[in-house]
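Everything numeric here is computed off the predicted structure, so don't read it as measured data.
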Amino acid sequence: MKKIRHALTVFTVLVVFSSCLNRQFIDGWVDIVSSSNIMLNDSSLVFGHVYRVDRFGDYYFENEFEIWIENSDLKTTNDSTGKYSIKTLPGTYTIKCKSKGNEWVRLIEEVQNIDLVKNKKTEINFYIGYTIE
């Protein structure tokens with residue numbers, strides 16, 4: 001009887017842990033919305049909004065998301081409405097965004113090889129996915 005209880009306990013633990021491995025991802029996406037000319041002293045401006053796929057239009061915590069230009073020191077966070085902006089030199093960049101609590105590479109949204117031209121602002125909106133267990 002003791003062996004049966006022990007085997008049942010081990011089986012229960014295995015079932016619980018294996019159910020935790022059944023993670024599903026709800027993917028996000030990125031939209032490049034617009035680009036327009038403006039006087040920026042020969043710089044480029046990237047701006048936009050970060051949305052959570054699971055709760056459109058809700059209140060956002062300041063600094064809930066990180067937005068950065070890969071291979072540079074340029075990074076920022078969102079404000080309480082989800083808005084962000086980064087001013088940089090013209091060039092070709094990869095721009096990424098993630099939720100600060102995110103440990104999943106799959107939930108980092110990015111725009112690769114975007115050409116940022118001087119005196120131009122480019123609107124990029126990020127839609128961040130989430131996980132379900």
Side-chain angles (χ1 to χ4, degrees):
M1 187 67 164
K2 191 174 185 178
K3 287 182 182 180
I4 292 173
R5 272 192 284 167
H6 179 69
L8 204 56
T9 302
V10 170
F11 177 75
T12 303
V13 169
L14 287 175
V15 167
V16 168
F17 281 117
S18 68
S19 69
C20 292
L21 299 177
N22 190 17
R23 181 172 301 277
Q24 295 177 3
F25 288 89
I26 307 302
D27 292 327
W29 64 92
V30 178
D31 280 338
I32 300 173
V33 178
S34 66
S35 187
S36 59
N37 293 325
I38 190 168
M39 288 306 299
L40 292 168
N41 297 326
D42 296 334
S43 296
S44 297
L45 180 71
V46 176
F47 72 100
H49 200 280
V50 183
Y51 299 97
R52 291 182 58 119
V53 174
D54 61 337
R55 60 173 205 206
F56 285 103
D58 284 352
Y59 176 82
Y60 291 90
F61 295 108
E62 280 191 46
N63 307 318
E64 184 175 354
F65 302 100
E66 296 175 329
I67 305 93
W68 71 97
I69 296 177
E70 190 174 60
N71 300 321
S72 80
D73 293 334
L74 297 173
K75 63 181 176 179
T76 190
T77 58
N78 65 291
D79 68 9
S80 63
T81 65
K83 293 181 182 176
Y84 76 93
S85 67
I86 299 176
K87 190 174 182 180
T88 186
L89 295 174
T92 302
Y93 299 102
T94 295
I95 302 171
K96 297 185 174 191
C97 178
K98 73 172 189 138
S99 174
K100 278 194 169 182
N102 171 39
E103 71 248 20
W104 304 100
V105 174
R106 184 170 172 181
L107 296 178
I108 297 174
E109 298 304 327
E110 66 182 37
V111 175
Q112 295 181 346
N113 301 317
I114 186 166
D115 290 321
L116 300 178
V117 182
K118 73 178 181 177
N119 295 324
K120 198 167 236 186
K121 64 181 189 175
T122 303
E123 183 177 358
I124 301 173
N125 293 329
F126 292 95
Y127 298 83
I128 305 299
Y130 60 98
T131 63
I132 302 171
E133 282 190 38

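Transitive grouping of hydrophobic side chains (ILVMFWY, heavy atoms separated by less than 4.5 Å) keeps I114 and I108 in distinct clusters. W68 and I95 sit in two unconnected hydrophobic clusters of ILVMFWY residues. Membership requires side-chain heavy atoms under 4.5 Å apart, directly or through other members. In the hydrophobic clustering of ILVMFWY residues, with side-chain heavy atoms under 4.5 Å counting as a link, I124 and V53 come out together. Hydrophobic cluster membership is shared by V111 and V46, with clusters built from Ile, Leu, Val, Met, Phe, Trp and Tyr side chains linked at under 4.5 angstrom.
Shown here for P90 and V117, the closest heavy-atom pair between the two residues is CB-C, 4.2 Å. Across all non-hydrogen atoms, the minimal contact from D31 to Y127 is OD2-CE1, 3.6 Å. For L40 against K120, the heavy-atom pair with the smallest separation is CD1-O, 3.6 Å. Shown here for N119 and D42, the closest heavy-atom pair between the two residues is OD1-N, 3.0 Å. Scanning both residues, S80 and E62, for their nearest heavy atoms gives N-CG, 3.5 Å.
The side chain to side chain contact (heavy atoms under 4.5 Å, CB included) check on T88 picks up S44, I69, L74, Y93, L116, with sequence neighbours excluded. Considering only residues two or more places apart in sequence or on other chains, S72 meets the side chain to side chain donor-acceptor pair (under 3.5 Å) condition with none of them. Applying the salt bridge (charged side-chain N to carboxylate O under 4.0 Å, His left out) rule to D79 yields no partners; only residues at least two apart in sequence or on another chain are considered. For T76, the side chain to side chain contact (heavy atoms under 4.5 Å, CB included) test picks out I67, Y84, I86, with sequence neighbours left out. For D115, the side chain to side chain contact (heavy atoms under 4.5 Å, CB included) partners at least two apart in sequence or on another chain are T92.
With rounding to the nearest 0.5 Å, the separation of CZ in R52 from CZ in F126 is 16.0 Å. The CG atom of L107 sits 7.5 Å away from the CG atom of D27 when rounded to the nearest 0.5 Å.
At distances below 3.5 Å, at least one donor-acceptor pair connects side-chain atoms of N78 with backbone N or O atoms of F65. Remark: side-chain polar atoms of H49 are not paired, donor with acceptor, to backbone N or O of E123 under 3.5 angstrom.
Within the structure, every pair that satisfies the side-chain hydrogen bond (donor to acceptor under 3.5 Å, both in side chains) test and touches residues 94-104, not counting sequence neighbours, is listed here: E70-K96, K96-E110.
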